[in-house]
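One structure is given below, encoded as structure tokens.
For the numbers below, each heavy atom of this structure counts, side chains included, while hydrogens, waters and symmetry mates do not.
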2 protein chains.
Amino acid sequence: MKPTIYSVAEEAGVSISTVSKVINQTGHISERTRQKVIEVMAQLNYHPSVVASALTGKPTKTIGLLVPDISNPFFADLARSIEDRSHERGFHVVMCNTDNDAEKEKKYLSLLIRQRIDGLIVASAFRNANLLKNMLKQDIPISVIASEIPHISVNTVTVDDYKGSYLATDYLLSLHHKKIAIITENAKSNHARLDAFREVMQENGIIVPPQHVITTEASIQKGYESAKQIFSMKEKVTAIFACNDLLAIGVMQAAKELKIDVPQDLSVIGFDNTVLSTTITPMLTTVAQPTKEMAVNVVDLLVREMKYPAMHKEHLLLEPKLIVRKSTAPLRREATASTNN
Amino acid sequence: MKPTIYSVAEEAGVSISTVSKVINQTGHISERTRQKVIEVMAQLNYHPSVVASALTGKPTKTIGLLVPDISNPFFADLARSIEDRSHERGFHVVMCNTDNDAEKEKKYLSLLIRQRIDGLIVASAFRNANLLKNMLKQDIPISVIASEIPHISVNTVTVDDYKGSYLATDYLLSLHHKKIAIITENAKSNHARLDAFREVMQENGIIVPPQHVITTEASIQKGYESAKQIFSMKEKVTAIFACNDLLAIGVMQAAKELKIDVPQDLSVIGFDNTVLSTTITPMLTTVAQPTKEMAVNVVDLLVREMKYPAMHKEHLLLEPKLIVRKSTAPLRREATASTNN
DNA sequence: TTGAAAGCGCTAACAA
DNA sequence: TTGTTAGCGCTTTCAA
């Protein structure tokens with residue numbers, strides 16, 4: 001049998017409330033009994049049950065985390081940092097991979113409610129904001145990271161996607177590229193990136209033909225396919241802005257296969273600055289998100305809201321940073337992204 | 001207020017035990033009341049509390065997962081699959097990154113015990129097997145994946161490391177390489193890989209000088225540093241067997257920096273078959289682990305043990321597979337891994 | 001087919 | 001400073 005507060009009390013010759021007090025460091029107990037109780041707890045290898053304690057209304061010390069897919073290195077990094085910070089703050093995290101699938105979102109949310117999580121961190125786009133509203137109604141605080149969910153009032157931590165995209169686009173323009181395609185994911189964060197791209201292009205008097213805007217899912221494979229699609233068009237392109245590193249990697253693989261030299265014949269720029277951007281050849285120019293900082297902030301905001309539910313919501317916008325590496329180069333006059341034969 | 005079983009009972013005009021029965025599909029209740037109760041639950045947006053249910057002795061439906069580091073794509077893949085399978089089986093998972101650090105292992109274990117997890121999956125080397133024994137004493141079943149922990153009797157799912165290493169080494173030998181260095185991590189799984197390497201080499205009459213065996217931690221950086229160290233030795237090497245992909249990537253980066261051509265001047269072989277092996281140039285020859293299959297099996301074994309605690313322990317050994325790509329080539333007579341100047 | 005009630009391990013108010 | 005006790009939301013036995 002697992003030791004309970006009763007076993008400890010009995011063994012130590014005190015009452016359970018005394019034991020409870022030394023566990024929680026509440027009330028006043030003499031140093032002598034305190035020591036005795038601590039000793040007995042260690043000896044019995046007693047670990048107070050969060051389950052029982054939670055039933056009395058105390059927190060479960062659990063944070064739910066919804067990510068699209070932990071195999072995406074960007075989310076792996078994010079999850080890692082969120083976990084570290086959560087542990088530092090005394091919480092542990094239950095992670096769920098939604099694949100941006102509405103069914104899974106629903107299922108996991110219900111699961112998490114049943115588990116009585118103290119708070120929820122959402123790192124994935126959310127199709128059904130109503131489900132989230134239900135959580136809010138159940139007094140479960142929510143913080144959103146690297147994403148945005150319309151119509152609900154929650155704490156939010158994002159990188160300035162608009163600015164990041166501006167940085168990327170502007171850099172490409174400074175390299176004299178004019179025919180630039182963009183591959184985006186259908187997620188809120190990517191909308192800002194697309195908007196910024198369009199505006200900067202327009203400001204520079206460049207019209208982006210609709211076929212140069214491809215919307216797809218975040219994966220190397222999709223990046224590869226999108227690139228193939230772009231390369232097959234009549235209207236050639238000299239640069240591609242992929243809205244995340246996974247897509248960018250796919251683009252580079254497609255280019256390689258078609259013997260399109262990056263960066264000589266095609267400049268590629270990514271977003272996220274994951275490991276992949278430094279292991280690919282040539283190394284990827286990309287926009288870095290301060291994942292660590294973002295993670296610390298979401299956790300802290302969430303924990304703050306658990307303590308002070310009434311507090312106003314915060315919307316943190318962190319600075320992206322353009323990391324110039326080797327996948328981008330100035331436009332060569334003759335360059336076109338066509339196959340070599 | 002969150003709805004409770006009482007609110008539902010009252011609203012539906014029945015007793016709480018009736019509600020409980022319809023939730024758990026136990027006992028006999030008329031279709032009519034059943035429908036009524038279900039209706040009320042939906043209307044009240046009621047989600048039964050796992051916390052309360054667990055207090056009565058039922059499972060918490062929580063599995064603890066200890067991984068070294070989720071930023072390592074191998075563990076990210078593994079974690080993803082473990083989670084998917086756990087969800088399928090009705091459990092959710094609490095993940096903890098140990099960094100193979102004894103302090104963290106201890107801290108997280110205590111955390112998980114307090115949370116009353118139903119079972120634990122260990123994917124990390126474990127310095128302190130006694131802590132795990134304590135869990136076993138508390139009747140918390142443990143399954144180990146991609147690792148092995150001496151002196152404790154638990155279910156185990158691993159790839160056949162010995163065979164994987166044999167495959168890799170043998171392949172290198174078939175390419176006529178004789179001067180092969182190996183970079184390993186100080187973890188149980190890697191010991192088998194090192195042993196196999198040594199034996200195969202010996203069988204072929206090749207003596208591996210001690211300086212050609214480097215033990216370090218699993219990271220790109222460490223792989224890079226180890227490679228630098230190897231390249232600086234008097235005794236040149238024509239191939240490097242890195243015991244995981246991260247290390248192999250580091251090796252390739254170091255080689256590139258020193259203008260050592262892979263695979264012409266140096267063959268590199270990895271282990272794990274992560275994304276990185278297909279995004280690096282040249283693509284990495286590596287040994288694939290069937291992560292998905294492994295994940296499904298650990299979860300299933302763990303769940304089985306929860307149900308039938310007395311059952312004998314199983315030790316699953318899955319087949320590795322050599323994936324030949326572009327980082328390995330036959331030995332050129334003149335080749336030595338030296339810098340080009 | 002339904003309900004009453006004890007108990008799971010703990011917290012917190014209150015009493016001693 | 002310590003102990004008694006009611007309750008947290010549920011399950012389960014037993015009775016009706």
Side-chain angles (χ1 to χ4, degrees), chain A residues 1-38 40-41 44-62 110-111 113-118 138-140, chain B residues 1-38 40-41 44-62 110-111 113-118 138-140:
Chain A
M1 274 306 291
K2 285 201 181 76
T4 69
I5 200 171
Y6 289 98
S7 355
V8 175
E10 191 171 6
E11 186 67 24
V14 297
S15 76
I16 60 163
S17 53
T18 299
V19 177
S20 175
K21 278 164 196 155
V22 352
I23 293 170
N24 299 295
Q25 317 198 43
T26 54
H28 298 268
I29 21 93
S30 72
E31 189 52 26
R32 200 162 163 286
T33 42
R34 210 177 70 84
Q35 286 307 333
K36 176 66 181 168
V37 169
I38 288 177
V40 171
M41 293 198 298
L44 260 44
N45 197 15
Y46 167 73
H47 297 266
S49 163
V50 172
V51 168
S53 139
L55 192 54
T56 73
K58 300 197 80 177
T60 56
K61 291 295 179 180
T62 306
S110 162
L111 193 79
I113 295 182
R114 278 203 283 270
Q115 297 293 335
R116 297 298 187 259
I117 54 171
D118 298 328
Q138 307 231 354
D139 294 318
I140 301 176
Chain B
M1 274 307 292
K2 284 200 180 76
T4 69
I5 199 171
Y6 288 98
S7 356
V8 176
E10 190 172 5
E11 186 67 24
V14 297
S15 75
I16 60 163
S17 51
T18 300
V19 177
S20 176
K21 279 164 194 153
V22 352
I23 293 170
N24 300 295
Q25 318 199 42
T26 54
H28 298 267
I29 21 88
S30 73
E31 189 52 25
R32 200 162 161 287
T33 42
R34 211 178 72 83
Q35 286 307 335
K36 175 66 182 166
V37 169
I38 288 178
V40 172
M41 291 197 300
L44 260 44
N45 197 14
Y46 166 73
H47 298 266
S49 163
V50 172
V51 168
S53 139
L55 193 55
T56 74
K58 301 194 78 174
T60 55
K61 291 297 184 179
T62 306
S110 162
L111 193 79
I113 294 182
R114 278 204 283 271
Q115 297 294 336
R116 297 298 187 261
I117 54 171
D118 297 330
Q138 307 232 355
D139 294 317
I140 301 176

Worksheet, complete the sentence: Letter by letter from the 5' end, nucleotides 10-16 of chain C scores (B base, S sugar-phosphate only, - none; protein heavy atoms under 4.0 Å) BBB----
What is the distance from atom [atom1] of [X] to atom [atom2] of [Y], rounded to the nearest 0.5 Å?
X	Y	atom1	atom2	answer
A:I29	A:K21	CD1	NZ	9.0 Å
A:R116	A:Q138	CZ	CD	7.0 Å
B:K2	A:I113	NZ	CD1	8.5 Å

Discussion item. Using side chain to side chain contact (heavy atoms under 4.5 Å, CB included), reason through B:T18 and B:R34 one step at a time and then give a plain yes or no.
Written reply: CA-CA 9 Å; B:T18 300; B:R34 211 178 72 83; over 6 Å; no
Rounded interatomic separation in angstrom, taking [atom1] from [X] and [atom2] from [N]:
X	N	atom1	atom2	answer
B:E10	C:dG3	CD	P	13 Å
A:R34	D:dG3	CZ	P	16 Å
B:Q35	C:dT1	CD	C1'	16 Å
B:R32	C:dT2	CZ	P	10 Å
A:L55	C:dG9	CG	P	12 Å

Worksheet item: Can you tell me if CD on B:Q25 sees more than 12 non-hydrogen neighbours from other groups inside 6.0 Å?
Response: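 Atom CD in B:Q25 is not crowded, with 12 or fewer foreign heavy atoms closer than 6.0 Å.
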Worksheet entry | CD (A:E10) with more than 12 external heavy atoms under 6.0 Å |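 No, because the 6.0 Å sphere around CD of A:E10 holds 12 heavy atoms or fewer from other groups.
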Fill in: Terminal helix-axis angle for the helix from C:dT1-D:dA16 to C:dA16-D:dT1, with five pairs defining each axis and rounding to 10 degrees
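The angle, to the nearest 10 degrees, is 40°.
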Between [X] and [Y], a side-chain donor and acceptor under 3.5 Å:
X	Y	value
A:T33	A:S30	yes
B:D118	B:T60	yes
B:S17	B:S20	no

Worksheet entry | Distance below 4.0 Å between B:T33 side-chain N/O and C:dT1 OP1 or OP2 |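 Indeed not, no polar side-chain atom of B:T33 lies that close.
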Worksheet item: OP1 or OP2 of D:dT2 sitting under 4.0 Å from any side-chain N/O of A:T18?
Response: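 Result: no.
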Worksheet item: When we call it a touch if two heavy atoms are under 4.0 Å apart, what does B:V14 touch: a base, just sugar-phosphate, or nothing?
Response: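 Sugar-phosphate contact only.
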